[in-house]
Amino acid sequence: MMINKEDANILIVDDIEDNRYTLERRLKRDGYTNIFTAEGGKTALEMAADNKFDLILLDLMMPDMSGLEVLKYLKGDPMQRSIPVIMVTASDEVETAAECIINGADDFITKPFNGTLLKARVGASLEKKRLRDTEENYLDRVETDKKRSQQILKTVMPTSVANELQSSGKVRSRRYDDVAILICDLVGFTSFCEKNNPELVVETLQTLVESFENAFEEFGLEKIKTVGDAIVAVAGLSSHSISPVKSCVDCSYKLREIANSASMPWDLHLGIHSGSLVAGTVGTKTVQFDILGKTVNVAFNICDMSVSNQILISSDAWMTARNEIKVKSIGLKRLKSGQDIEMLECV
């Protein structure tokens, strides 16, 4: 499908008024209505900069600036090089017309004008313009979709993981040492879900999670996942942290403040542990980045043992930042695994 003749913007450039008039009259006779004229090369370039033309009929010999010079300028501008240009030449200027073709002109016509040939070459040039525009629009959509998919990936995965997945198509599983894990759980959220409509439940959780995510960013943590009303975040995984445990503790205070002061106040269970873990993507059709291992399980156990608004931390995690965090011991506690570890409360 060609560009509609009523929509095609055509610029005629010629220093001789009779030539401009003849071309304009022939084009209008063929159904083209949006015809613009310029009496010189400099004027043509000014008009091309201010308007969106679908075709330029460009005279080769002009006193102020030759058609070849105008052509080179247009084809050297990335924003205008896609405009088709038909050179208008005298019958004895074939060699120069050939040079114009080499420099990017789409076609040429000679004076005196042959109406049938003019109609065919204008139509063919506009069709090429339509095809180029279609391709450009397709590439723009591809680029937009690519950016959208990149943004979506970065909302469900740490940025470094999303970048690796985009560049290589997979994420290599790794073992990480000295990673601090923060588990945050809303107190009483299960019963809240049972007593309220789904819209309110999701809206409430969404509002809190958004505020929590801002806190994670502020303290250099990365949210790994949300499991129901529990949120898993880490420090020192894919981004460098001088003191990952201290970052988790500081962030915990902020999360508690956010939850307690919300329009619908909430209490939190908060647990912090640190150590080694394995991280990687799981799944092929539905890919999820996850952290695995004993350290992760201990962090969940610690969170489960905390009372409302208590920030519990393992003694192992505290030892890595003992000069930066004020705590009090609540004694040995037995985990679900049967292991006994000393629990400390951040105060």
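Values below: all heavy atoms of this structure, side chains included; hydrogens, waters and symmetry mates excluded. Since the model is a prediction, treat every value here as computed from it, not as a measurement.
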Please determine whether side chain to side chain donor-acceptor pair (under 3.5 Å) holds for the pair Asn9 and Asn51, giving the CA-CA distance in whole Å, both sets of side-chain angles, and the decisive distance to 0.1 Å.
CA-CA 9 Å; Asn9 294 322; Asn51 299 274; over 6 Å; no
Please step through side chain to side chain donor-acceptor pair (under 3.5 Å) for the pair Glu342 and Ser329, ending with a clear verdict.
CA-CA 7 Å; Glu342 183 182 12; Ser329 176; 2.8 Å; yes
Ser276 and Asp177: side chain to side chain donor-acceptor pair (under 3.5 Å), yes or no, with the steps?
CA-CA 4 Å; Ser276 300; Asp177 297 319; 2.6 Å; yes
Start with the C-alpha distance between Glu24 and Thr37, add both sets of side-chain angles, then the distance that settles side chain to side chain donor-acceptor pair (under 3.5 Å), and finish with yes or no.
CA-CA 8 Å; Glu24 182 176 4; Thr37 61; 5.3 Å; no
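The existence of a salt bridge linking Lys246 and Glu324 is excluded, since no basic side-chain nitrogen approaches an acidic carboxylate oxygen closer than 4.0 Å. Ion pairing between a basic and an acidic side chain is recognised when a charged N comes within 4.0 Å of a carboxylate O; Arg20 and Asp14 show no such pairing. The residues Lys225 and Asp290 are annotated as salt-bridged, a charged nitrogen and a carboxylate oxygen being separated by less than 4.0 angstrom. Salt bridge annotation for Glu127-Arg130: present, with a cationic side-chain nitrogen under 4.0 angstrom from a carboxylate oxygen. A salt bridge links Asp133 and Lys129; the closest N-O separation between the charged side-chain nitrogens and carboxylate oxygens is under 4.0 Å.
Checking Leu58, Asn103, Asp59, Thr96 one by one against Met87, the side chain to side chain contact (heavy atoms under 4.5 Å, CB included) holds for a single residue, Leu58. Considering Lys42, Met65, Lys75 in turn, Met65 is the only one that fulfils the side chain to side chain contact (heavy atoms under 4.5 Å, CB included) rule with Val70.
The two residues Ala299 and Ile181 come nearest to each other via the heavy atoms CB-CG2, 3.8 Å. Residues Ser125 and Asp106 come closest through the heavy atom pair OG-CB, 4.3 Å. Contact record, Phe53 with Met47: CE1-O, 3.5 Å, taken as the closest heavy-atom pair.
Heavy atoms from other residues, nucleotides or ligands lying under 6.0 Å from CG of Asp30 number more than 12. For Phe36, the CZ atom counts as densely surrounded, since its 6.0 Å shell holds more than 12 non-hydrogen atoms of other residues, nucleotides or ligands.
Atom OH of residue Tyr32 and atom CG of residue Asp7 lie 11.5 Å apart, to the nearest 0.5 angstrom.
Grouping Ile, Leu, Val, Met, Phe, Trp and Tyr residues whose side-chain heavy atoms lie under 4.5 Å apart, directly or via other members, places Val142 in a hydrophobic cluster with Tyr138, Leu139.
Side-chain atoms of Glu136 and Ser82 include no donor-acceptor pair closer than 3.5 Å.
Qualifying side-chain hydrogen bond (donor to acceptor under 3.5 Å, both in side chains) partners for Thr110, counting only residues two or more places apart in sequence or in other chains: none.
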